[in-house]
Trainee: 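Okay, here's the structure, questions in a sec.
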Amino acid sequence: MVGQRFVTLLAGHPWFDIAVLAASKNSAGKTYEEALNGRWALDQGLPEQVRDMPVLDAVSDLKAIAAAVDFVFCAVDMPKEALMRLEESYAKAECPVISNNSAHRGTQDVPMIIPEVNPEHADVIEVQKKRLGTKKGFIAVKSNCSLQCYVPAIHPLRDFGVTKVLACTYQAISGAGKTFERWPEVVDNIIPYIAGEEEKSEQEPLKIWGKVCENGIKNATEPSITTQCIRVPVSDGHTAAVFVSFKNKPPLDEIKQRWKIYSERLSAGMALPSAPKRFLHYFEDPNYPQIRSARELENGMAIALGRLREDTQYDVKFVCMSHNTVRGAAGGAILMAEMLCAKGFIN
């Protein structure tokens, strides 16, 4: 599903051209359309420019692929250890890797970047290249898709001393690579367990909010985060109900103002093709945001917020939403690649 989203977003990209498609040996030697075998799942049609493109073997054709491209996007389904070896092999072949996978998110010198939140973490790439013995090759990862709707909302409030966060996420079926046609069991149903999701959602923000140090990223120690992650019958778009406590509780109007100023500052500073003109959109109407309209904000790259109010157990609570396969996956990775190009890490 994420691979297909990469293809649609890159098909008309102003900076990047798709030079190679690669997958497992089961798809190698086929055209992309043949390899899909009727499994195209997006509303947008299959781009003509890739329909007849041959698919290579991501493992056995590694040297040829690395020589043919400036960098790779990686979104594959492999066991963690095999995936770590694959991504490091590309990096050591002097081919930067922009990864949508979770395998290297815990590696200390691999940056996990949301460009609007922690672009300074790109500096750790130099530490990583020393470890790998490379001049150009490195790995950079994007974070879990669900936390990308609530971490950006909390980030502008951190200087109030965020101490505790509770996030209950309601996650679309495309996050499992499914459509309603392929997963009829989810219709009129809720599934209360997503393997590994809560652990990622509780730990990854601490790396995003960590500090660059001599050996990599030193994770933040606050806030304390607990999550509950639920699969719901929605095609695309993750929603989170978020509860936050502070050392110095800000007024609700100040929180809204922080969100507004933060978006305006980012809009003035980011000149990247995929960057939203306005990152955070707050809705005053308590019936909004709603996933059908919110997921398409800014071509799926914005965060929608609403229902900010005081809470009886935590200080405040609010609702937020984002498109999980665009902002949360392929689009977020493309934006990170654009940023790394702008900073000179990718030529």
Side-chain angles (χ1 to χ4, degrees), residues 100 105 111-122 140-160 162 165-171 175 200-210 220 222-223 225 227 229 237-244 246 250 254-270 272 274-283 288-289 291 294-308 316-336 338-339:
N100 187 75
R105 289 180 191 162
M112 181 165 58
I113 299 172
I114 301 176
E116 295 93 341
V117 174
N118 63 331
E120 71 280 2
H121 280 201
V141 299
K142 57 151 289 299
S143 65
N144 181 264
C145 55
S146 64
L147 63 86
Q148 294 207 37
C149 67
Y150 62 86
V151 165
I154 295 169
H155 185 67
L157 312 175
R158 290 190 68 225
D159 64 343
F160 291 115
V162 178
V165 174
L166 163 63
C168 297
T169 62
Y170 307 91
Q171 301 187 202
K200 296 173 190 175
S201 298
E202 292 169 0
Q203 293 300 314
E204 290 183 16
L206 299 178
K207 183 171 184 178
I208 291 168
W209 287 324
E222 284 188 317
I225 304 172
T227 64
C229 300
H238 290 350
T239 299
V242 184
F243 303 75
V244 185
F246 303 91
E254 175 66 16
I255 293 175
K256 293 177 187 178
Q257 185 67 9
R258 284 292 184 93
W259 287 337
K260 181 175 182 291
I261 292 172
Y262 187 60
S263 275
E264 290 174 349
R265 179 174 61 81
L266 288 171
S267 298
M270 294 190 77
L272 303 176
S274 300
K277 292 183 175 65
R278 184 176 166 200
F279 185 37
L280 306 177
H281 291 244
Y282 185 79
F283 293 82
Y288 291 89
I291 202 67
R295 65 189 172 202
E296 300 299 338
L297 282 171
E298 305 272 4
N299 298 313
M301 290 297 288
I303 310 299
L305 306 163
R307 298 204 68 207
L308 175 67
V316 300
K317 54 189 172 185
F318 58 89
V319 173
C320 50
M321 301 176 181
S322 64
H323 198 305
N324 58 300
T325 64
V326 181
R327 162 54 71 170
I334 291 170
L335 180 61
M336 177 170 59
E338 291 169 359
M339 185 203 76

Trainee: Please name the residue in the list C320, S146, C145 that meets the side chain to side chain contact (heavy atoms under 4.5 Å, CB included) test with T169.
Mentor: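 So the option named by the test is S146.
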Trainee: Rounded to the nearest 0.5 Å, what separation is found between the CD1 atom of I154 and the CD1 atom of I225?
Mentor: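 Answer for the CD1-CD1 pair, I154 versus I225, is 6.5 Å.
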Trainee: With a 4.5 Å limit on heavy-atom distance, are the side chains of S263 and Y282 in contact?
Mentor: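 They are not in side-chain contact.
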Trainee: Rounded to the nearest 0.5 Å, what's the gap from NE2 on H323 to CD1 on I291? Could you check?
Mentor: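 Rounded to the nearest 0.5 Å, the NE2-CD1 separation comes out at 8.5 Å.
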Trainee: Would you say that N324 contacts Q171 through its side chain, given a criterion of any heavy-atom pair below 4.5 Å between the two side chains?
Mentor: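 Not touching, per the 4.5 Å side-chain cut-off.
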Trainee: For F318, which residues count as a ring pair (Phe, Tyr, Trp, His ring centres under 6.0 Å) partner, sequence neighbours excluded?
Mentor: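 By the ring pair (Phe, Tyr, Trp, His ring centres under 6.0 Å) rule, F318 matches W259.
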Trainee: Determine whether T227 and L147 make a side-chain contact, defined as any pair of heavy atoms from C-beta on separated by less than 4.5 Å.
Mentor: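 They are not in contact (no side-chain heavy atoms under 4.5 Å apart), so the answer is no.
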Trainee: Within the 4.5 Å heavy-atom criterion, are I114 and R327 side-chain neighbours or not?
Mentor: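 In short, these two side chains touch, coming nearer than 4.5 Å.
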Trainee: Indicate whether the side chain of S322 and that of Q148 have a donor and an acceptor atom separated by less than 3.5 Å.
Mentor: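 On atom types as modelled, these side chains do not qualify, holding no pair under 3.5 Å.
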Trainee: Are V244 and L157 close enough that some pair of their side-chain heavy atoms sits under 4.5 Å apart?
Mentor: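 Sidechains of L157 and V244: no contact.
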Trainee: CG of L206 to CD1 of I208: how many Å apart, nearest 0.5 Å?
Mentor: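 Between atom CG of L206 and atom CD1 of I208 there are 9.0 Å.
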Trainee: Does some side-chain heavy atom of K260 sit less than 4.5 Å from a side-chain heavy atom of Q257?
Mentor: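 Result yes, sub-4.5 Å side-chain heavy-atom pair found.
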Trainee: So, taking the atom named CD1 in I334 and the one named CE in M301, what distance separates them when rounded to the nearest 0.5 Å?
Mentor: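 CE of M301 is found 8.0 Å from CD1 of I334.
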Trainee: Measure the spacing between CG of N144 and CZ of R105 and express it to the nearest 0.5 Å.
Mentor: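 The CZ atom of R105 is 5.5 Å from CG of N144, to the nearest 0.5 Å.
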Trainee: Which atom names give the shortest non-hydrogen contact between V117 and E120, and what distance separates them?
Mentor: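 Of all heavy-atom pairs spanning V117 and E120, the closest is O-OE1, 4.2 Å.
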Trainee: Please, which pairs that meet side chain to side chain donor-acceptor pair (under 3.5 Å) have at least one residue in residues 294-305, sequence neighbours excluded?
Mentor: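 Side chain to side chain donor-acceptor pair (under 3.5 Å) check on residues 294-305 returns S235-R295, H281-E298.
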